[in-house]
Amino acid sequence: MGWTAITEAFRSLKGRGERALVAYLMGGDPDPSRSLEYLCAAAEGGADLLEVGIPFSDPVADGPTIQAAGLRALESGATTETVLEVVRGLKREYPVPLVLMGYYNPILRFGEGAFCTAAAECGVDGLIVPDLPPEEAAPLRDAAERVGLGLVFLATPETVGQRLDLILRHTRGFLYLVSRYGTTGERERLSREIPRLVGRVRERGGQVPIAVGFGISRPEHIRTVLEAGADGAVVGSRLVREVGKGAPPEALARLVRELKAATLP
Amino acid sequence: MRLSELPRGGKFGPFGGRYVPEILIPCLEELEEAYEKFREEEGFREELEGYLRDYAGRPTPLYFARNLTRYVGGAKIYLKREDLLHGGAHKINNALGQALLAKRMGKGRIIAETGAGQHGTACAIAGAVLGLKVEIYMGALDAERQRMNLFRMRLLGAEVHLVDSGSRTLKDAINEALRDWAEHVRTTHYLIGSVVGPHPYPMMVRDFQSVIGREIREQVWDAEGKLPDLLVACVGGGSNAMGTFYPFADDENVALLGVEAGGDGVRHSASLVRGEVGVLHGMRTYLLQDEWGQIRETHSIAPGLDYPGVGPEHALWRELGRAEYTTVTDEQALEAFALLSRLEGIIPALESAHAVYAALERAREMPREAVVVITLSGRGDKDLDIVLRATEARSRGATVPGGEDGLDRHH
């Protein structure tokens, strides 16, 4: 349990010649009960790590697809607490490692200590807080570490030198490498900079697992990212789009299976 | 430590900070460095002062409002006439400052958020005169309410993007501007319009707006031979108020009163008076939020006050009691709007009318030798539509709550 379970998952996949497929879905989207079905479908489809969003009214790091998912969740009455309940339900069925991705204000409002305790108790292994850079993160990091949760930090194409070292030093479980400028969302093409970005992190980061996200939606994108040396690829908006159009959970599981195939040797 | 020496490490006590996606951090560091460098540079200061004087119309007058003073029957009331600036509001002080800085930094594209359109207009003006490409994000709902400002910005050469996400108002326009910036951070300067956002914005915008308070200090000294007893300004994000207050930060005998929008009594925008601490738009400050930390929709008849957060420096000053903050309702603001128009021939912005109302209530209780300065942050021409509609609604018998304790009752 906890962030060591995440690191361990990356390590054992690597041992089998595989890499990780990280599947993102918004918690509570389109409503708490169907959200649980979709998350189970993603686990069933073979996602190695699940990333579950906590809906927020003002998600500045997200593009239109995930913004809409957050609004759907909020309109259905989802709260931080219902998302935790969904996670608890999922982890009862599937032992897959799981991180929550949530903006800072709802966590602050819940209480950093109370939130980490509740999350750990529901089976969460790590947290990603996209508007919390390391300089501001000490209180949450301490609260997370007390219960074994890993606070995962993000590096971007702008993150170089000492700043990259700082982030690598602080991140727990893995490093989330943002593939390009801008927000989350599907794109036709991947940034051509990805091999250079992964190389830069690898050079300074040693053994920290690297998962690349933003704009990855197709098997060929995943292959490109993994060939560049990443340990995993994060697919979000592509999956959220299925939920948005009301696809049956089996269709989501099928899609995850196709994406997962791109991570096999 | 003196209040005027803040921020330290990007913070005003526990408030402020830099809560933004990692992609923006290097750029904020670069901006801070550039600002620290150019603020001291003589060439930059002279260029900015030149534009403020010859183009924007500084210094603005400090006007002794004789009729208003007589009407109230208390302290002497002065009006700081930011409404006479080019563009019709104090926003130009900051827009010119940051646009010149952007030029020095080699950024040819400016993006900005706007609520009512005042800051967007100021940016469009600054962009036109300085030859910068300007793109403005405006909530689609706000744009419907402010069609003239939309037209004005486009006329001035700005491209206006209507924002359809979230509540389709100012906070969503800020979100969208932040998203744009994350994508174009290398080539673009985000020209934030108030003392809000991640460090260094609250400090930088305060500094550019502090010209208001510095002039007040000199002008009151010339007219009265002393410092003012009370300064009053409206607070949305808080830039005209902080610009007014900051040069008096360490003068403890000068009382400061910030006036937030009390709205219709139920819905409001009073982040400092009724909000709770949280993190939004890169800063830790007082916010209007629900029990789960979701940001609430706000309301004010004054579009420029309609924001769920407030500048972090105000948050600290509130906690320390250095400034006092109060609310004025829509109805009271309308009353002050009419009163100032009738008595002094000055139509104030609805935002500024909030400050006028609160100031008159205070002035009434103060001795005749006391001096009160109200910052008139903008002119009211932009609000005539809103006021006309509100007046018509009232004459049809619709009641607007909050007006029972009106100014006229005391006379």
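Everything numeric here is computed off the predicted structure, so don't read it as measured data. Sequence lines set the chain letters: A, B, ... in the order given, protein chains first and strands last, and positions in each chain run from 1.
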Query raised in the report: By number, which residues in residues 305-320 of chain B have some heavy atom less than 4.5 Å away from chain A?
Result: none

Query - Minimum heavy-atom distance between B/Q294 and A/P106, given as atom pair plus value - result: NE2-CG, 4.4 Å

Query raised in the report: What part of B/D290 is in contact with chain A, defined as an atom under 4.5 angstrom from a non-hydrogen atom: side chain, backbone, both or neither?
Result: backbone

Report task. Could you check which of B/H281, B/E176, B/R296, B/E183 has the highest count of heavy-atom pairs closer than 4.5 Å to chain A? Result -> B/E183

Report summary line: One option among A/S57, A/A68, A/P64, A/P55 has the most heavy-atom pairs under 4.5 Å with chain B, and it is A/S57

Query raised in the report: Does the side chain of A/E136 come within less than 4.5 Å of B/R284's, by heavy atoms?
Result: no

Query raised in the report: Can you pull out the residues in residues 106-114 of chain B with any heavy atom less than 4.5 Å from chain A?
Result: none

Report task. Give a yes or no on this: more than 12 heavy atoms of other residues, nucleotides or ligands lie within 6.0 Å of atom CD of A/Q162. Result -> no

Requested in this report: Go through the atoms of A/I107 and report whether side chain, backbone, both or neither lie under 4.5 Å from a heavy atom of chain B.
Outcome: neither

Query raised in the report: Does atom CD of A/E135 have more than 12 heavy-atom neighbours from other groups under 6.0 Å away?
Result: yes

Query - Rounded distance (nearest 0.5 Å) linking atom OG1 of B/T187 with atom OH of A/Y181 - result: 10.0 Å

**Report entry** A/R109 side chain near B/W292 side chain, heavy-atom distance below 4.5 Å
**Finding:** no

Query raised in the report: Would you call B/L280 and A/N105 a side-chain contact if the rule is heavy atoms closer than 4.5 Å?
Result: no

Report summary line: Between the CG atom in A/L71 and the OG atom in B/S167, the distance rounded to the nearest 0.5 Å is 9.5 Å

Query raised in the report: Side chain, backbone, both or neither: which part of A/V178 has an atom under 4.5 Å from a heavy atom of chain B?
Result: neither

Query - Part of A/F110 within contact of chain B (heavy atom distance under 4.5 Å) - result: side chain

**Report entry** Heavy-atom proximity to chain A below 4.5 Å, by part of B/I174
**Finding:** neither

Report task. May I ask you to check whether over 12 heavy atoms, not counting those of B/E32, lie within 6.0 Å of atom CD? Result -> yes

**Report entry** Contact list for residues 164-185 of chain B, test ring pair (Phe, Tyr, Trp, His ring centres under 6.0 Å), sequence neighbours left out
**Finding:** B/W181-B/Y190

Query - Side chain / backbone / both / neither for B/L178 at chain A, heavy atoms under 4.5 Å - result: side chain

Query - Gap separating the OG1 atom of A/T183 from the CG atom of B/N175, nearest 0.5 angstrom - result: 11.5 Å

**Report entry** residues 11-29 of chain B: residues contacting chain A (heavy atom under 4.5 Å, by number)
**Finding:** B/K11, B/G17, B/R18, B/Y19, B/V20, B/P21, B/E22, B/I23, B/I25, B/P26, B/E29

Query raised in the report: With a 4.5 Å heavy-atom cut-off, do B/R179 and A/P59 have their side chains touching?
Result: yes

